Structure formats: structure tokens, C-alpha cells
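Keep in mind that this is a model prediction, so the values were computed, not measured.
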Amino acid sequence: MWASLKWLRELCPCELAVEALAERLTLRGLAVERWEARGDDIALEIDVPPNRPDCLGHLGLARELAASLAAPLPRPPQGPELPGTSGLLEGVQVVVDSPEACPRYTAGLVEQVRVGPSPRWLAARLEVCGLRSINNVVDVSNWVLLELGHPVHTFDFDRLAGATIRVRYARRGEELRTLDGVRRLLDPSALVIADAQRPVALAGVMGGAETEIGPNTTRVLIEAAVFDARTVRALARTLGLRTEASLRFERGCDPEMALVAQLRTAELLREVAGGVPRRQVVDLRAGAPAPRRLLLRHARLVRLLGFDPGPEATAGALAALGLAPEPEAGAAWAVVVPSWRRDLEREADLVEEVARQLGYDRIPAELPPTAAAPLAEEPERVLEERTRERLAALGFCETIHYAMVSRGEDEPFVEPGTAPAVALANPISEALAVLRRSLLPGLLRAADFNLRRGQRDVRLFEVARVFVAREPAAAPGEPLRAALVWTGAAAPRHWSHPVPQVTLHDLIGLVEHVLDCLECGVRLERARPPCPGFHPGRAVGWRTPAGGWVAWGGQLHPELAERLELDLPLFAAELDLTAVGRLPRRPPRYRPVPRLPAVQRDLSFVIEEGREYRTVERLLAQVVPPAEVRFEVVDRYSGPPLGPGEVSLTVRVILEPADRSLTDAEIEGYRRALIDALGEQGIRLRG
């Protein structure tokens with residue numbers, strides 16, 4: 001918020017320069033981001049923490065400033081003392097139908113008001129705080145909001161039907177044209193201020209245009225109420241409205257400030273608009289809350305602070321904050337929490353207040369002694385770190401995304417028949433309404449962001465948890481997943497040679513390399529993945545012999561790519577690390593470093609298109625080798641002079657003898673045996 005330096009000095013008399021004043025507030029947790037001259041005043045931009053709604057007004061800021069100076073806390077400016085303050089106001093009927101949503105409602109009537117421009121001192125002070133002057137009545141309500149931090153609203157009393165104010169929930173089908181000129185259809189969950197016929201304001205958010213102050217207004221009804229923070233927050237979010245009033249009500253207003261704001265507004269209207277306040281006001285209250293009492297133990301204070309400030313300094317710090325400490329038996333203090341300090345709820349909060357008051361610089365800069373036992377190594381944690389390190393080493397950049405997605409956004413990447421996504425009861429927005437069942441939606445958004453900004457080579461990954469619904473009463477399962485997206489170059493670009501674009505084979509090799517690094521001890525089978533979001537002819541999945549899916553991926557489905565307006569083929573994959581963790585680990589195997597050079601022979605075979613390489617590898621493995629052997633695919637070719645539906649596959653046979661050199665006869669005999677084994681299955685040698 002923007003605050004006026006002159007205003008702060010009026011509420012807390014001091015001669016501090018703006019630099020010193022800003023430093024004092026910042027050290028107390030109210031960071032002064034910057035300040036600038038505005039007229040004959042200085043405006044300070046202050047970052048108020050969410051748990052300090054009392055500092056959203058100059059009075060609260062002045063209290064903090066006074067506490068830092070060990071000066072008496074300023075009291076709120078008082079309006080006229082009105083005898084007969086009660087729930088009755090002649091000629092006005094006020095009813096609160098929902099006291100749980102409106103625990104306090106005050107109303108007062110000011111007559112003979114003359115609406116016109118505000119005096120210069122009033123308009124100038126509002127301008128320093130970033131508000132423009134409208135007229136004297138509206139400006140008075142803004143003045144009180146900025147001064148006391150408590151919102152007030154003014155109605156043209158003569159435009160209220162039946163001279164009635166009723167706090168209730170909206171009825172189905174009701175509408176309200178708010179002060180911004182928008183006609184809004186109200187939900188039955190919306191708390192409204194209504195007259196005898198219709199809603200005239202959104203409680204705690206914004207007033208209605210039908211009862212706004214105009215040039216002909218002569219009687220003004222002042223509303224100063226306390227509304228439930230959650231009710232106001234839900235209403236503001238539903239309607240997409242964020243106002244100065246809703247900001248304060250959402251964080252929680254001081255219930256004792258409502259009547260003070262009421263009387264202060266009436267006094268200012270008398271001063272700047274010639275109004276005559278009625279001698280009574282309405283003050284409907286669901287019951288005054290009992291003062292909160294907390295106990296601060298000296299031993300607890302020392303343990304949390306890390307040093308002993310001493311009893312006198314502690315009691316002085318609490319007294320300076322208006323907490324009125326009283327000594328208790330056993331080296332402790334009992335305090336009464338002021339109504340405006342809604343953030344003080346437990347003993348640890350009092351310890352923090354003592355630290356703020358005495359200065360954080362007094363806390364020793366040393367680590368406390370610890371005796372924590374070493375953490376046990378968690379299998380999933382090992383898989384997570386190993387996957388993260390391997391993908392980063394392969395040139396992929398790690399990303400982190402929200403665990404929430406929009407409804408249906410992850411549908412293309414889950415198996416049909418999967419339980420629906422877990423919906424959030426109070427989502428931030430419709431774009432973040434459900435918990436994700438796949439990591440790929442977030443990665444696709446990140447890839448799209450990069451592609452639209454000219455980055456054509458995209459390699460991104462994420463390792464995180466997804467959420468799978470279980471029984472209605474049970475918490476959702478949270479399997480650990482790793483996912484990646486890849487488009488553009490298949491290898492780092494270099495001037496010396498053209499760089500091929502990524503293909504499905506690159507993705508398959510990458511996924512199988514990661515699975516191999518995770519030491520999966522089960523031979524996985526390739527199959528068509530169950531997810532509809534991949535290209536039907538350019539996708540592959542890996543599953544166990546029992547049928548459980550471990551990984552899946554492929555090129556993005558053309559319809560999905562067109563919807564995302566992608567102009568490059570994009571490949572994506574997802575690995576279920578929780579499923580991998582359930583599989584047996586491949587035991588470590590010792591292989592001595594060969595002392596003799598390996599022998600390599602390349603064999604090019606012609607096979608029918610669509611035949612899987614693993615069937616060829618099984619046939620090769622059935623032939624007994626003269627030494628340790630392994631096979632590698634080094635080339636795949638289709639086209640003339642091969643016939644239609646034929647593919648040439650070149651397999652490199654690598655023999656690694658351990659204790660003796662192989663003879664030419666042994667090598668040639670093994671080569672002929674491989675050719676014969678394949679020939680028996682109709683696989684011929686090329687050429």
C-alpha cells in the first residue's frame with residue numbers, strides 16, 4: 001500500500017527522516033520498497049505481510065512506528081460520543097439474517113449533507129496514497145479506510161426501498177449492477193446487503209450503482225461492518241473482483257474498529273459536507289469475543305530465540321507492543337492480545353514479537369547443536385535422483401510445474417478407464433481446478449512457450465508426483481513419475497555436419513537408456529501404449545511380462561499437435577518410477593577388463609518390415625559363441641534394390657575373448673552359424 005509520511009507523523013509525532021523511518025518499518029517486517037515526493041508530502045510504498053491486516057491503515061503503521069520508538073501507542077481518532085448507541089435507529093430498519101457471515105453491523109444516518117468537491121487537504125492526502133478524489137462523501141469513506149484500515153460504505157438513504165437494510169444471502173436469479181457499471185448475476189452463496197426489495201451491495205466487496213452517492217444526495221447511511229473473511233474471499237474470487245475493501249476483509253478486520261469507523265465517518269461528513277449526524281446508531285453484534293489470553297514462558301523464549309534477553313527487556317518489549325504483560329508463577333508472563341492483532345495465536349508468536357521489538361540483530365549468528373540420526377536411504381528417492389542426474393547429463397533441462405491442471409487437460413495421457421481427476425474444493429482458477437494425473441500437460445505448455453519464442457531445440461523434463469483417485473474416503477495415490485518432451489535437433493548442433501531431427505528411435509533409445517540406468521531387473525516388452533494422446537503409428541510403451549506399464553511415449557497425436565499449433569514434430573515420454581521401484585533390481589555383475597582386443601563382424605540381413613529386432617536378437621543369442629558376445633544394431637535401410645515391405649538391418653557382432661585369441665576358423669564358424677540360424681527362420685543375408 002501507499003502511505004503518507006505526513007499522516008504517519010501526525011498519528012505518531014516524531015522527527016525521523018524518511019530514510020530512518022523507512023528503515024525502522026522495514027526491520028519490523030513492513031518492507032518499505034521505495035518512496036517518492038508527491039506535492040508537499042512523501043509517499044511510501046510498503047509491502048504489508050498477509051498476516052498483518054491491522055497495518056493496512058495508517059493507524060496500524062503508526063502503532064508499529066511508536067513501538068519501535070518505545071512511545072505510547074496512538075489511539076484512533078474519535079468521532080462524537082453518541083448517547084443511546086444501540087440496535088435502534090429511528091426510521092431505519094436493520095436486520096442481519098446471517099450473523100455467522102456478518103458478526104457485527106453498524107449503521108448511522110447523516111442528514112442535510114451537501115455533496116460537492118472535497119477540500120484540498122482531503123483530496124491531496126488521498127492523492128498521495130494513490131486514490132483520486134470523487135466527491136466529499138466518497139472521499140470521506142476512503143479517508144477512513146486509509147486511516148483506520150477498516151472499510152466503510154455510504155448509501156444514498158433516500159434510494160433504499162422501505163428504509164431497510166438486510167444482510168442476507170442472494171436469492172437465485174437476483175442481479176446487481178455494481179459501481180463499476182457491470183450487471184452481475186448473483187449466486188445463492190453471495191452475501192449481499194439488500195433493502196426491502198433487492199440487493200444494493202456485495203457485502204465487503206463493492207456497492208451497487210442504484211444507491212450510490214450522487215449530486216442530489218442529502219441523507220447518507222453509513223455502513224461499518226465486520227464480514228467473515230472466507231465468505232468475502234469466496235465472493236470476490238467468484239465474481240473476479242478485487243477491491244480495497246475486499247483486500248482488508250479477506251485478511252480479517254478488527255471487530256472493535258467497526259463502531260470507531262462509523263463515528264469517525266459521521267464526524268468527517270459533518271466537517272466537510274455540513275451533515276448532521278443522528279444521535280443514535282445501529283450496532284448489531286452476534287456477541288463480543290472474549291479477549292485472547294496467552295502465556296509466554298521464559299524457558300520457551302530462551303530456547304526459541306537462542307539467547308536470554310532478560311526478564312526486564314522481555315516485559316518491556318511486550319508492553320511496548322500493547323500486550324500488557326503480567327508476571328506469572330514459574331518465570332512466565334500472561335498477556336492480553338489486542339483485538340487488532342489477529343496474527344497472535346500461540347506462544348511462538350509472542351516469541352517472534354519479542355524478537356521483532358528487541359531487534360533480530362541480537363539473535364546469535366550460530367547454528368544450534370543437533371543430534372539428528374542419519375536418514376535412511378529411500379528407494380524411490382534413489383530412483384528420483386538417478387533419473388534426474390541422467391536426463392540432465394543427456395542435455396535435458398529440468399522444469400517444475402503446478403500440481404494442478406484444468407479439467408480434461410491430462411485426459412490424452414492417461415489410460416482410458418482411469419479414475420477421474422481429483423477436483424479441488426477451492427481452486428485458484430479454472431485453469432488449476434484438478435490434480436494432475438500426468439506430468440506431460442505442464443511440459444507441453446513449457447515447450448509451447450519456448451517454441452513461440454524462437455527456441456527450436458527443446459529438451460525439457462520433470463520428476464514429480466501425480467495424483468490418482470482411489471476410494472472416495474481415501475487420499476489419492478501419489479506415484480512418482482518422470483516425463484520429458486523433445487523436439488528439434490537429435491544431437492547438439494555443430495558446424496561440421498548437418499544435425500538430424502529427433503525421431504521415434506531417438507526417444508526409444510533415450511527411454512531404454514534411462515531404464516537401464518535404473519537397473520531394472522526384468523526384461524520389458526514393447527507394446528502400443530494405452531494413451532490416446534500419441535501418434536497411433538509412432539508410439540511405444542514398455543510393460544512387464546505381467547502386463548504392468550512402466551513407461552510410454554511417442555510423437556504427439558496430429559490432432560493434439562494441431563490444437564497446440566505446433567509446426568515441429570514433438571516427442572514425449574513418461575516413466576512410472578514407482579512401478580520401476582517395485583520391480584527387482586538387476587544385481588551388480590563384475591566383468592573384468594578384457595586383456596585381448598575384441599573381434600567385430602557386421603552382418604546385414606533382410607527382414608520383413610514391421611518385424612521387431614528383439615526376435616532377431618533372440619535367434620542370434622541361441623547360437624553358442626566361442627567367447628563373451630554382444631550385439632548392436634548399427635544401420636537400418638529400406639529402398640531399392642530391396643523389394644516392397646523389406647528392410648535391411650545391419651547387426652554388429654562383438655566377441656570379447658577373456659584368456660586367449662580366437663582363431664579365424666572359430667570366428668568364421670560362428671559367423672556361418674549365425675547366418676544359418678537366421679536362414680532357418682526365413683531371414684536371408686543381404687547380397
Worksheet item: Quick check: does any side chain N or O of Glu33 sit under 3.5 Å from a backbone N or O of Asp47, one acting as donor and the other as acceptor?
Response: no
Worksheet item: Thr238 side chain to Ala234 main-chain N or O, any donor-acceptor pair under 3.5 Å?
Response: yes
Worksheet, complete the sentence: Between the CZ atom in Arg630 and the CD atom in Glu617, the distance rounded to the nearest 0.5 Å is 12.0 Å
Discussion item. Can you confirm whether Phe461 sits close enough to Leu394 that some side-chain heavy atom of one is under 4.5 Å from a side-chain heavy atom of the other?
Written reply: no
Worksheet item: Judged by atom type as modelled, is there a donor-acceptor pair below 3.5 Å linking the side chain of Arg437 to the main-chain atoms of Ala419?
Response: yes
Fill in: Shortest non-hydrogen contact between Ala229 and Gly252, atoms and distance
CB-N, 4.4 Å
Discussion item. Looking at Arg523, I want to see if its CZ is surrounded by more than 12 non-hydrogen atoms of other residues, nucleotides or ligands under 6.0 Å.
Written reply: no
Practice prompt. Write down the atom of Ala464, the atom of Leu480, and the distance for their closest heavy-atom approach.
Written response: O-CD1, 3.5 Å
Item to complete: Begin from the C-alpha positions of Glu174 and Arg198 and carry the test salt bridge (charged side-chain N to carboxylate O under 4.0 Å, His left out) through to its verdict.
Response: CA-CA 8 Å; Glu174 285 188 320; Arg198 71 213 190 276; over 6 Å; no
Worksheet item: What do you reckon, is OH of Tyr637 surrounded by more than 12 foreign heavy atoms closer than 6.0 Å?
Response: yes
Worksheet item: Closest approach of Ala539 and Leu504, non-hydrogen atoms and distance?
Response: N-CD2, 4.0 Å
Practice prompt. Could you please spell out the steps behind the salt bridge (charged side-chain N to carboxylate O under 4.0 Å, His left out) verdict for Glu389 and Arg386?
Written response: CA-CA 5 Å; Glu389 292 171 0; Arg386 194 172 292 176; over 6 Å; no
Discussion item. To the nearest 0.5 Å, what is the distance between CG on Leu566 and CG on Leu560?
Written reply: 7.5 Å
Discussion item. When you compare the side chain of Asp180 with that of Leu241, does any pair of heavy atoms fall below 4.5 Å?
Written reply: yes
Fill in: Rounded distance [0.5 Å steps], CG in Asp602 versus CG in Asp635
9.5 Å
Worksheet item: Going through the checks in order, is the side-chain contact (heavy atoms from CB on, under 4.5 Å) test met by Ile428 and Tyr402?
Response: CA-CA 11 Å; Ile428 298 173; Tyr402 285 121; 5.5 Å; no
Item to complete: Could you tell me whether the side chain of Pro558 reaches within less than 4.5 Å of the side chain of His535, counting heavy atoms only?
Response: yes
Worksheet entry | Distance-only donor-acceptor check, side chains His494 and Ser496, under 3.5 Å | yes
Discussion item. I'd like to know whether CD of Glu559 has more than 12 heavy-atom contacts from other residues, nucleotides or ligands below 6.0 angstrom.
Written reply: no
Discussion item. Looking only at side-chain N and O atoms, does Glu409 offer a donor or acceptor that is under 3.5 Å from a partner on Ser406?
Written reply: yes
Worksheet entry | Atom pair CG/CG of Leu556 and Leu568 - distance to nearest 0.5 Å | 12.0 Å
Worksheet item: So does Arg34 pair up with Glu45, basic N to acidic O under 4.0 Å?
Response: yes
Item to complete: Begin from the C-alpha positions of Ser638 and Glu609 and carry the test side-chain contact (heavy atoms from CB on, under 4.5 Å) through to its verdict.
Response: CA-CA 9 Å; Ser638 61; Glu609 189 172 13; 5.7 Å; no
Worksheet entry | Arg585 CZ: over 12 foreign heavy atoms closer than 6.0 Å | yes
Worksheet item: Can you list the steps and then say if Glu512 with Arg526 is a salt bridge (charged side-chain N to carboxylate O under 4.0 Å, His left out)?
Response: CA-CA 11 Å; Glu512 293 188 348; Arg526 291 186 193 170; 2.9 Å; yes
Discussion item. Looking at Trp486 and Ala489, would you say the former's side chain and the latter's main chain have a donor-acceptor pair under 3.5 Å?
Written reply: yes
Fill in: Heavy-atom side-chain proximity of Tyr670 to Val653 below 4.5 angstrom
yes
Worksheet item: Under a 4.5 Å cut-off applied to non-hydrogen side-chain atoms, are Pro536 and His557 in contact?
Response: yes
Worksheet entry | Trace of the side-chain contact (heavy atoms from CB on, under 4.5 Å) decision for Asp567 with Arg456 | CA-CA 10 Å; Asp567 58 354; Arg456 311 301 288 174; 3.1 Å; yes
Item to complete: Is it possible for you to check whether Arg453 lies under 6.0 Å from the centre of the six-membered ring of Phe449, through NZ or CZ, and within 45° of that ring's axis?
Response: yes
Worksheet entry | Over 12 foreign heavy atoms within 6.0 Å of CZ, Arg671 | yes
Response to the item:
Closest non-hydrogen atoms of Cys55 and Met1, given as atom of the first, atom of the second and distance, are O-SD, 3.5 Å
Worksheet item: Any chance CZ of Arg230 has more than 12 other-residue heavy atoms, nucleotides or ligands included, within less than 6.0 Å?
Response: no
Worksheet entry | Parallel, tilted or perpendicular, as decided by the 30° and 60° cut-offs, for the rings of Phe227 and Phe249 | perpendicular
Item to complete: Give the intermediate values and the outcome of side-chain contact (heavy atoms from CB on, under 4.5 Å) for residues Val167 and Leu191.
Response: CA-CA 7 Å; Val167 184; Leu191 187 69; 4.2 Å; yes
Discussion item. For His401, is there any backbone N or O sitting under 3.5 Å from a side-chain donor or acceptor partner on Glu462?
Written reply: yes
Worksheet entry | Greater than 12 external heavy atoms within 6.0 Å of Glu36's CD | yes
Item to complete: Determine whether more than 12 heavy atoms belonging to other residues, nucleotides or ligands lie under 6.0 Å from atom CZ of Arg614.
Response: yes
Item to complete: Rounded to the nearest 0.5 Å, what's the gap from OG1 on Thr178 to CE on Met206? Could you check?
Response: 5.5 Å
Worksheet item: Leu460 and Ala447: which non-hydrogen atoms are nearest, and at how many Å?
Response: CD1-N, 3.9 Å
Discussion item. Is any side-chain heavy atom of Arg436 closer than 4.5 Å to one of Arg481?
Written reply: no
Discussion item. When you measure from the side chain of Thr487 to the backbone of Val458, do you find a donor-acceptor pair of N or O atoms at a distance under 3.5 Å?
Written reply: no
Worksheet item: Do the side chains of Leu435 and Leu424 get nearer than 4.5 Å, heavy atoms only?
Response: yes
Practice prompt. Looking only at non-hydrogen atoms, find the nearest pair between Ile683 and Val606 and report the distance.
Written response: CG2-O, 3.7 Å
Worksheet item: Heavy atoms, side chains only, cut-off 4.5 Å: are Val550 and Leu583 in contact?
Response: yes
Practice prompt. Show your working on salt bridge (charged side-chain N to carboxylate O under 4.0 Å, His left out) between Arg465 and Glu384 and close with a plain yes or no.
Written response: CA-CA 10 Å; Arg465 296 192 179 275; Glu384 178 182 353; 5.7 Å; no
Fill in: Straight-line distance of Leu655 CG to Arg601 CZ, nearest 0.5 Å
8.5 Å
Discussion item. Between Glu612 and Thr615, does the side chain to side chain donor-acceptor pair (under 3.5 Å) criterion hold? Intermediate values first, please.
Written reply: CA-CA 6 Å; Glu612 294 182 349; Thr615 62; over 6 Å; no
Practice prompt. For Asn450 and Gln455, indicate whether the former's side chain and the latter's backbone hold a donor-acceptor pair under 3.5 Å.
Written response: no
